[in-house]
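Remarks on the structure that follows.
Just the heavy atoms: all of them, side chains too, but no hydrogens, waters or symmetry mates, feed the values below.
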Amino acid sequence: MAISKKQGIALGIAVVAVAAIVGGIITAVSLNGSATAAEPGPTETSANVSASGIHWVHLDSSVPAAVEALKKSGFTPIEPGKLTVAIGAFVPPLSYQPEGTSAATDVAGTEPNIGSLIAEALGLEYNPVVVAWADWPLGIQSGKYDLIASNVTVTEERKELYDFASYRVDQLGFYVKSDSAITSIAGSDDISGLKIIVGSGTNQEKVLLAWNAELEKKGKAPAELVYYDDHAAATLAIQSGRADATFGPNATSAWGARETGDTKLVGLVSGGWPLTANIAAATKKGNGLIEPVQIALNAIIDGGQYDELLKTWGLEGERVDKSEVNPQGLPKS
């Protein structure tokens, strides 16, 4: 099978989607291999395009209500005049280091741009620090970072130590070959008899196993769960017809569908199924920062910058209507 240039780029990115909820914590995704993802090009609505060609959304000025709330909060930034934001550098569209760059300020994607918009709204300089997933909890608690914006899911366990301001819904996505006859997967009946690629030990596998149990109770054929060691092999399996669908984190699958055009979205399921899971910015509990952050987020939602950001990275399906402080989190296991 011939592989296009864009397919070659996509297949070179071996994404390990380890999303099992263990103790109420959803793990991060990691990037393997040396291939570089295609960069999102500038659009006519682009507020700014970086030297590496990345579309960044910016505010024209700070948000007075957010600035005032910050002054009244009693919160003191780690570095005066700056908002030190912990970010990851994993994989598009969430956060990654563009080819030819090395500075934390160049790390692009939805999460760094959310962090920079919050800083701008608060009238502070955006000061990103790339951190390993395992290191951010202690870094926030110890005051090493003011805020984290790195695809963090709200859980009841985490709320004991951190305050949250939500900005996305955590979604899992069903994707099929672009010319597949499958148009919708919304529940257990829709997966009967299908071969579905899923990561072992992940939350999405847990969903499929629960749906298969429902099908068996109805006397219907369950889905066949198919496991691959890497993303490239899974992609080839879909293109060759050896599997009918993939089921995994929507963000990375949406990026692949957008860049190659070889797959299409046919269903979204909450990352905390059957509960709703929220992605949020987080800070040390009780330090006063979260209310100004919520005001900042609602300002960019109302001002249209939020929708521009989601459109840039193909994550319109994960939109929220408003940011909430400490929304209901996934329960403790």
Checking N250 against E318: is there a side-chain donor and acceptor pair closer than 3.5 Å? yes
Please determine whether the number of non-hydrogen atoms from other residues, nucleotides or ligands lying under 6.0 Å from atom NZ of K285 exceeds 12. yes
Group every Ile, Leu, Val, Met, Phe, Trp and Tyr by side-chain heavy-atom contacts under 4.5 Å, then state whether V130 and L138 land in the same group. no
Any idea which heavy atoms bring A121 and S62 closest together, and the distance? O-CB, 3.6 Å
May I ask you to say whether D189 pairs ionically with K218, meaning some side-chain N is under 4.0 Å from a carboxylate O? yes
Looking only at atom types and distance, does a side-chain atom of K177 sit under 3.5 Å from a main-chain N or O of Q239, one as donor and one as acceptor? yes
Parallel, tilted or perpendicular, as decided by the 30° and 60° cut-offs, for the rings of W133 and W136: perpendicular
Atom of A221, atom of S192 and distance for their closest heavy-atom approach: O-OG, 2.7 Å
Salt bridge flag under 4.0 Å for residues E214 and K217: no
Pairing of D262 and K264 as salt bridge, 4.0 angstrom limit: no
Identify which one of I300, L117, N298, V57 satisfies the side-chain contact (heavy atoms from CB on, under 4.5 Å) criterion when paired with Y306. I300
Minimal non-hydrogen separation, S188 against W211, with atom names: CB-O, 3.5 Å
Between N113 and S116, is there a side-chain donor-acceptor contact under 3.5 Å, judged purely by atom types and distance? yes
Does E291 pair with K72 as a salt bridge, N-O distance under 4.0 Å? no
With clusters defined by side-chain heavy atoms of hydrophobic residues (ILVMFWY) lying less than 4.5 Å apart, directly or transitively, does L208 cluster with I238? no
Quick one: does E111's side chain have a donor or acceptor within less than 3.5 Å of a partner on N151's backbone? yes
Answer with yes or no whether the hydrophobic clustering places I197 together with I185; edges join I, L, V, M, F, W, Y residues whose side-chain heavy atoms lie under 4.5 Å apart. no
Group every Ile, Leu, Val, Met, Phe, Trp and Tyr by side-chain heavy-atom contacts under 4.5 Å, then state whether L225 and I182 land in the same group. yes
